[in-house]
Every structure is written in C-alpha cells, then in structure tokens.
There are 2 protein chains.
Amino acid sequence: MPESLDDLDRRIVSALARDGRRPYRDIARELGVSEGTVRSRMTRLQDEGLIRVTAVGSPLALGVGVVALILVRIRPGHVQDAAKRLTAFPNIRFVGTSFGSADITIQSLHRDVKDLHRFVSETLPSAIPEITSTETFQLAEVLKSTWTWGDWFEYVDNPAEEAHASDRETSISET
Amino acid sequence: MPESLDDLDRRIVSALARDGRRPYRDIARELGVSEGTVRSRMTRLQDEGLIRVTAVGSPLALGVGVVALILVRIRPGHVQDAAKRLTAFPNIRFVGTSFGSADITIQSLHRDVKDLHRFVSETLPSAIPEITSTETFQLAEVLKSTWTWGDWFEYVDNPAEEAHASDRETSISET
DNA sequence: AATGAAAACTTATTATT
DNA sequence: AATAATAAGTTTTCATT
C-alpha cells in the first residue's frame, strides 16, 4: 500500500532530482536529520517503486536519430492487452492508455526515418493486429524534458502561480 | 562540440541507468578500468549536458492527480517562440516541436481534471495567443516509462531484433 | 522511525606515465 | 586519457532511544 510522500520525503527527492549522486550525509546535514533517516526513507521509496535514481539523457545525443510520438487507435475491448504488448518493444520508451481520440500514446526511438516508417507501417500492424489506425509525430526538437520535482511541489501547493521561474537549468534539452 | 559516446561511455551509462547511486569504484571493477576513468568520463558527459543522474518517479504517486498529453497547433511562423514560452510553465514537463498535424506536443501535470480543463481552456490560450487549436489526451494509466539504455544500445546495434526481453523491471509503472 | 558510533568502503585530489 | 596512491569523506551496520 504505497502511502504518499511527506514533506521530508519530498525534500529528499527534490535534492536527489537536482543531483542523484549527492551523498545522503550531505542532504541529511542540509535538512537537519541523520544520514540514516535519509537512507531509510530512500530505501522505502525505492522498494515501493515510487522513486528511482537513474542516469537520464538526451536520446538524440545517445545515437538515437529519430524520436517519435505515436497515437494509436485500437479495436474496442483490446486496449489493455495491446498496450501491454507494446511495452515489450525495446525501442518504445513510453506507453500510456488515454482518453480522447487515441486509445494509446507511445514514444518510440529509431535510428532514422526509414526505421520509423518501417516500424509504423509494418512492425506495429503485424505485432498488434487490433490496431485500427496510427498517427505519427516525428519530433524535431525537444525544448524541455524535466525530471526535477521542486517546481511541481511548489505548483501543487500554490495553485495561483503560473509560468514562474522554471526547472530549465536542471533539465536536458534534447536537441 | 558534443562527440558521441564510445563503448565504455555506454557501459558506464547503462550501469548508472540501472542504479544511479552505484559507486564508480564498483562500476570500474566490473568494466576493468580505474575508478578515475569512470569518474572523468561521467564528469565529461555531465558537463557536456549529455547525461544527468537524477531521481525519477511516478507522477501519480507524487501527488499528481492528472497527467495529460496535449497537441498544440500554432499560427505559422510562431512555433519556435511559442514552444520556448511553454517551457516556462512549471507544470509542463515536456515540450517538443514536431512534424505532423500538431506543431508542438507537451506533457503536463495537474492536480485534478478541473485544473487540466482550466489550463487548456484559459491559461494556455491567454499565455500563448498564437495557439490556433489544442487536442488533449488525459492519460489513464502509464504502463511503461523507461530511462535505461541497455535495450536501446542492443536494438541500435542489431536492427533485426524486435520485442524481446525488455527493461520493464527497471522502469516505473506510473499507474 | 530515528539516532550516534565505528569499521569498511568510496571519493576526490595529486603526481606519474 | 588513464592510472595508482592517499587523505578526507561516506556508507553500512548495529545497539540504543
């Protein structure tokens, strides 16, 4: 039963979102608690699957030529099953079911546009015959892709604010 | 000039994608190089903005009630400027310009559907008057959201493979 | 659930190739 | 660009509250 994060958890997560390798001891000093407290809370959050500390980076810098967003429509009654099968593709990084004119939205990585085209026109339809249509958006430039939480914690605590100082310095621009 | 990653860089990044807090010394032992080599390569990759080690987690577990994908169309000639202004919103986590029937795709976070609706119907149009239309997909369930690179490195090195063993155990399912 | 103490281990710096 | 040596700092374990 994954209970929500308390204020101390959030501060720890914010600190690690800024720098995932920052020593627990250092974070503990800043927050006025012991190193063990930071450690045990992070262990709990990771064990519960709520948080992971990981290397993230720009796909386009890591040898990925093409990043695409694909909207998928599925024969009624087969959405959940189709979504589950899409998660098995190594080049699909995101799979979500949705309300609206698409049943599933995915983000996929490709070496080049030829690879993307083959994927959409051949691989996907033959792997998931319940697909009734797809719509593909090849991304030209990723201007923001953020993993920090400080701004969100501020936003959710203070609904009035909009478009103030942003996370940009700690995000990776994936151009 | 960000040159691409060599094989050793990739192995280091893969290891840190699995566990971002794993000691450099431990990774170095596994890869048969010195700790300093792992450290200096990570320093370079981080300084060049190619890789970041960070805490990532399930938005829906962190107090985010609603995650949406929004496709945005913009008056011709204003796409780049509008995209840049969208990056300033703290509740927008992803901004990409794209080819296809949308000019910009964004991912946004909201407390509830009322907040999402206000954002789409009021906040966005008044902040970015060049928007000509939007299409919103409220995400119901995120089945995959992966940050590891091992599978991609395999995929890009071996085009024939499809839908084999996946990253799922190291991704966070954002239900 | 949080803490302090201590041994084991890692990091960050420096000099060397 | 990589390495070994080393002082300083961190992690991990455990007994205590």
Side-chain angles (χ1 to χ4, degrees), chain A residues 1-58 61-63 147-150 153 157 169-170 172, chain B residues 1-58 61-63 147-150 153 157 169-170 172:
Chain A
M1 219 102 274
E3 19 168 334
S4 194
L5 312 205
D6 70 11
D7 194 60
L8 180 57
D9 291 330
R10 288 170 162 212
R11 284 179 210 262
I12 295 167
V13 171
S14 283
L16 289 171
R18 260 173 246 115
D19 176 6
R21 291 191 70 84
R22 190 168 170 205
Y24 287 158
R25 201 161 191 249
D26 195 25
I27 296 167
R29 263 190 298 256
E30 178 178 276
L31 302 179
V33 295
S34 74
E35 191 271 349
T37 299
V38 174
R39 170 183 309 282
S40 65
R41 280 165 176 258
M42 275 310 294
T43 303
R44 189 204 116 219
L45 294 172
Q46 297 200 261
D47 288 353
E48 282 177 340
L50 302 181
I51 296 288
R52 261 169 52 74
V53 178
T54 186
V56 298
S58 156
L62 287 160
W147 305 272
T148 58
W149 292 100
F153 293 147
D157 289 342
E169 77 230 287
T170 54
I172 284 185
Chain B
M1 220 100 271
E3 18 168 335
S4 195
L5 312 205
D6 70 11
D7 194 60
L8 180 56
D9 291 330
R10 288 170 163 212
R11 283 180 210 262
I12 295 167
V13 171
S14 282
L16 289 172
R18 259 173 247 116
D19 176 5
R21 293 191 69 85
R22 189 166 171 207
Y24 287 159
R25 200 155 190 247
D26 194 25
I27 296 167
R29 263 191 297 256
E30 180 178 275
L31 301 179
V33 296
S34 73
E35 191 269 348
T37 298
V38 174
R39 170 183 308 282
S40 66
R41 279 165 177 259
M42 275 310 293
T43 303
R44 188 205 116 216
L45 293 172
Q46 298 200 258
D47 288 353
E48 282 176 341
L50 302 180
I51 296 288
R52 260 168 54 75
V53 178
T54 185
V56 298
S58 155
L62 287 161
W147 304 272
T148 58
W149 292 101
F153 293 148
D157 289 342
E169 77 229 288
T170 54
I172 284 185

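Letters go in sequence order (proteins before strands), and every chain restarts at 1. The analysis underlying the following values was restricted to heavy atoms, covering all of them including side chains, and did not include hydrogens, waters or symmetry mates. Only a predicted model underlies this, so the values are computations on that prediction, with no experimental measurement involved.
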For B:R44 and D:dA1, is the shortest distance between a side-chain N/O and OP1 or OP2 below 4.0 Å?
no
Separation between CZ (A:R10) and CG (A:L5), nearest 0.5 Å, reads 7.0 Å
Whole angstrom is fine here: how far is it from CD1 in A:I27 over to P in D:dG9?
18 Å
Protein N or O to nucleotides 15-17 of chain D N or O, pairs below 3.5 Å:
none

With a 4.5 Å limit on heavy-atom distance, are the side chains of B:R41 and B:V33 in contact?
no
Picking from B:I27, B:L8, B:I12, what satisfies side-chain contact (heavy atoms from CB on, under 4.5 Å) with B:T37?
B:L8
Looking at every heavy atom in both A:W149 and B:A55, which two are closest together, and how far apart are they?
NE1-O, 3.9 Å
Give me the atom names and distance for the closest heavy-atom approach of A:Q46 to A:Y24.
OE1-OH, 4.2 Å
Considering non-hydrogen atoms only, spot the tightest contact between B:A15 and B:R22 and give its length.
CB-NH1, 3.9 Å
A:S40 side chain: which of D:dA1, D:dT3, C:dA2 is closest?
C:dA2
Mind listing the closest non-hydrogen atom pair of B:T54 and A:A17 along with its distance?
OG1-O, 2.7 Å
Between B:M42 (CE) and D:dA2 (C1'), how many Å, whole number?
18 Å
Does B:T37 put a side-chain nitrogen or oxygen below 4.0 Å from OP1 or OP2 of D:dA1?
no
Nucleotides 7-16 of chain C: protein proximity per nucleotide (B base, S sugar-phosphate only, - neither; heavy atom, under 4.0 Å):
---BBB----
B:V53/B:M42 under side-chain contact (heavy atoms from CB on, under 4.5 Å): CA gap, chis, key distance, verdict
CA-CA 10 Å; B:V53 178; B:M42 275 310 293; 4.1 Å; yes
Roughly how many Å is it from CD in A:E30 to P in D:dT10, rounded to a whole number?
13 Å
Does a sphere of radius 6.0 Å around CZ in A:R11 hold more than 12 heavy atoms from other residues, nucleotides or ligands, not counting ones at 6.0 Å or beyond?
no
Can you tell me how far CZ of A:R52 sits from CG of A:L45, rounded to the nearest 0.5 angstrom?
14.0 Å
Expected list for residues 7-16 of chain B near DNA chain C, using heavy atoms below 4.0 Å, is none
Between A:R29 and A:D26 (salt bridge meaning N to carboxylate O under 4.0 Å), is one present in this structure?
yes
